[in-house]
Amino acid sequence: DLEALLDQSTRSYPKGDGDDDDDDDKNDDGEKKQEQADVQQQAELHTDEDAAVLAHSLFGAAPEYALKDMMDLLIFVVTYADMRLSDAAEWKGQPLTTVVRLLVYIIRKPQLVRNPYLRAHCVQTLVASVDAMNLRGRGSPAVQRILVHDQFVVQHLVPGLVQLFVDIENTGSGTQFFDKFNSRYVISKMFEFLTQQPAHMRVLNAMAQQHSVLRFSNCVLNDMVYLFEDTLEKVKTLASTRAMPAHVLRQMPVFQRQAYERSLLQSSRALTTVSTLSGGMLTMLLYLVRQPGPRRVFLGDDMVERAAQTMNYYAKALVDAPILGDGVKFKYKPRRWLSMLADIYLLLSEESGDFKRFVVRDGRSFDMPTMRRVCKRLLGTRRNKKKPGKDAAATAEATAAVASASGDESPSSSDESPQQQQQQ
């Protein structure tokens, strides 16, 4: 059934037997208007494959759990028994390529499955098949080869992910505001794999002028703002909870101590969750900025000022963020995030002078002392490593150059002489 469905979806929609002869008999203006309306409606479907798949009675009658059960089984197989997929060209009697194409097609076409969370589950199934993202197994090399080399997948996967990222913003669910972050995190992990594949990145760069990419980029920036605000707030909450002296804790009654321990555990779990989501969203932003097409979107008139102000604000927030001794346990990595922000600064400033001008004109968050502290923090991170790498040195050195160049356009905030400022 899956193979027949995909076969219909990629075949031109058949024309009626008497269509050629009907044109001579259509003299009624009403029939001509109806014909024009039908043509326009078919054009709105974008492709004939939509009409073909929507007309497929078996797919339309299938309940949602039939798809979800298939995806759950595939996740289980690639996690624990991938040899069944690697050693055979078929899975449950169907070509594996057909199964992967079906998942990609569902992601691409919201007309088929209107539940965005079920479409996001398709992405989760593909993520489980990617080696670097699979936490409990080694992924599926067979599925990875299809994701990289199959032309149908290359053509539809990236546009589908972009559209799904936007569609999941409003779903009508009472918990949509929080549920969307989990689904978008899964999409970010899929992008982490696709950014290493030139064929998929060519598709992303080619569609950079589309309005959907602008909405997608705006959603990424919105999510990063909210998640980082929530992360910094939860860090303060955890730090204040931990600040209770040991002798006070020992003198507490048992029930109060248990309540304190529950509060500490809850704060730790909340910080771990939101830090994971924040890191994933910032990583996705960095991957997008590395591509020329999406980078031009962030440097467009609609977003360049906001992007500059957001980078300034969170550079200042992260350099002042509290440092937890065991922050890695909670996925809380302010220094790593600061380094990623520095990379974004450099990538955007290399291509656009407007971005640099908006950076230094930001009166709320930009000042030279903050930029110097960012440089010192990055250099301090490098010195603390036993074997400093070239990338850390290059990043800190280039960030210092950006800060120095920015200082030429902004008023000096210190009493240093011009020679001292130039030397620093």
Side-chain angles (χ1 to χ4, degrees), residues 64-65 67-68 71-72 75 103-128 130 133 135 156-195 204 207 210-234 266 269-289 294 297-298 302-303 306-307 310 313-314 330-332 337 340:
E64 288 188 354
Y65 70 80
L67 287 174
K68 190 174 185 303
M71 290 184 280
D72 290 339
I75 292 175
L103 298 178
V104 172
Y105 200 77
I106 291 174
I107 296 170
R108 180 70 177 91
K109 300 296 181 182
Q111 299 93 333
L112 297 180
V113 178
R114 298 189 181 275
N115 184 353
Y117 297 109
L118 187 59
R119 291 164 60 201
H121 200 62
C122 295
V123 182
Q124 185 177 354
T125 305
L126 298 178
V127 169
V130 179
M133 315 308 167
L135 301 180
H156 291 286
L157 182 54
V158 169
L161 293 175
V162 170
Q163 185 63 44
L164 177 58
F165 197 96
V166 175
D167 289 345
I168 211 163
E169 178 74 24
N170 298 306
T171 61
S173 172
T175 59
Q176 65 179 10
F177 184 75
F178 301 99
D179 294 342
K180 70 177 182 180
F181 291 117
N182 294 324
S183 299
R184 285 178 171 177
Y185 176 76
V186 174
I187 296 175
S188 71
K189 303 306 289 184
M190 193 72 236
F191 265 105
E192 187 174 341
F193 170 75
L194 295 180
T195 50
L204 178 62
M207 60 183 294
Q210 299 180 12
H211 183 67
S212 60
V213 179
L214 176 61
R215 296 181 61 193
F216 167 66
S217 303
N218 193 52
C219 288
V220 172
L221 211 56
N222 288 341
D223 285 3
M224 194 196 80
V225 168
Y226 175 82
L227 291 171
F228 268 101
E229 285 293 325
D230 203 18
T231 299
L232 297 175
E233 186 65 30
K234 284 181 169 53
Q266 182 179 3
R269 289 177 175 174
L271 178 60
T272 302
T273 300
V274 73
S275 296
T276 302
L277 297 176
S278 299
M281 202 55 58
L282 182 59
T283 302
M284 184 173 182
L285 178 62
L286 178 58
Y287 286 149
L288 290 175
V289 172
V297 174
F298 284 104
D302 298 327
M303 294 194 65
R306 186 182 175 217
T310 303
Y313 181 83
Y314 286 106
F330 306 113
K331 310 296 182 182
Y332 174 66
W337 297 341
M340 295 169 69

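Numbering of residues begins at 1 and proceeds along the displayed sequence.
Within 6.0 Å of atom CZ in Arg215, 12 or fewer heavy atoms from other residues, nucleotides or ligands are found, so the atom counts as exposed in its surroundings.
Taken from CZ in Arg269 to OG1 in Thr272, the straight-line distance is 9.5 Å, to the nearest 0.5 Å. Rounded to the nearest 0.5 Å, atoms CD (Gln124) and NZ (Lys189) are 13.0 Å apart. Taking CH2 of Trp337 as the start and CG of Leu286 as the end, the distance is 14.5 Å to the nearest 0.5 Å. In this structure, Asn115 CG and Lys68 NZ are separated by 10.5 Å, a value rounded to the nearest 0.5 Å. Remark: Asn182 CG to Tyr117 OH distance equals 9.0 Å, nearest 0.5 Å. For the atom pair Asp72 CG and Tyr65 OH, the distance stands at 14.0 Å (nearest 0.5 Å).
Contact between Met224 and Met281 at its shortest, heavy atoms only, is N-CG, 3.9 Å. The nearest pair of heavy atoms linking Leu288 to Pro294 is O-CB, 3.4 Å. For the pair Leu126 and Leu103, the tightest heavy-atom approach, listed with the atom from each and the gap, is CD2-CD1, 4.0 Å. Considering every non-hydrogen atom in both Ser212 and Met207, the closest pair reads OG-CE, 4.2 Å.
Judged by distance alone, with hydrogens and angles left aside, the side-chain atoms of Tyr314 form no donor-acceptor pair with the main-chain N or O of Phe228 at under 3.5 Å.
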TODO: Just do the side-chain contact (heavy atoms from CB on, under 4.5 Å) check on Leu164 and Arg108 with the steps written out, would you?
DONE: CA-CA 8 Å; Leu164 177 58; Arg108 180 70 177 91; over 6 Å; no

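Considering only heavy atoms from C-beta on, Leu214 comes within 4.5 Å of Met303 through its side chain. Between Leu161 and Leu194, some side-chain heavy-atom pair lies under the 4.5 Å cut-off. Ile75 places a side-chain heavy atom less than 4.5 Å from the side chain of His121. Inter-residue side-chain proximity for Lys234 and Thr273 is flagged as unmet; no heavy-atom pair is nearer than 4.5 Å. Residues Thr283 and Ser188 are not in side-chain contact: their nearest non-hydrogen atoms beyond the backbone lie 4.5 Å or more apart. For the pair Asn222 and Arg306, the minimum side-chain heavy-atom distance is below 4.5 Å. Using a 4.5 Å heavy-atom threshold, the side chains of Val162 and Gln210 count as separate. The closest side-chain heavy-atom distance from Arg119 to Ile168 is not below 4.5 Å.
Each of Val158, Thr195, Val127 was compared with Met190 under the side chain to side chain contact (heavy atoms under 4.5 Å, CB included) criterion, and only Val127 meets it.
Aromatic pair Phe165/Phe181: centroids not less than 6.0 angstrom apart. Here the two rings, on Phe191 and Tyr287, have centers that are 6.0 Å apart or farther.
Side chain to side chain, Tyr313 and Glu229 meet the donor-acceptor criterion of an N or O pair below 3.5 Å. Under 3.5 Å, the side chains of Thr231 and Ser278 contain a donor-acceptor pair of N or O atoms.
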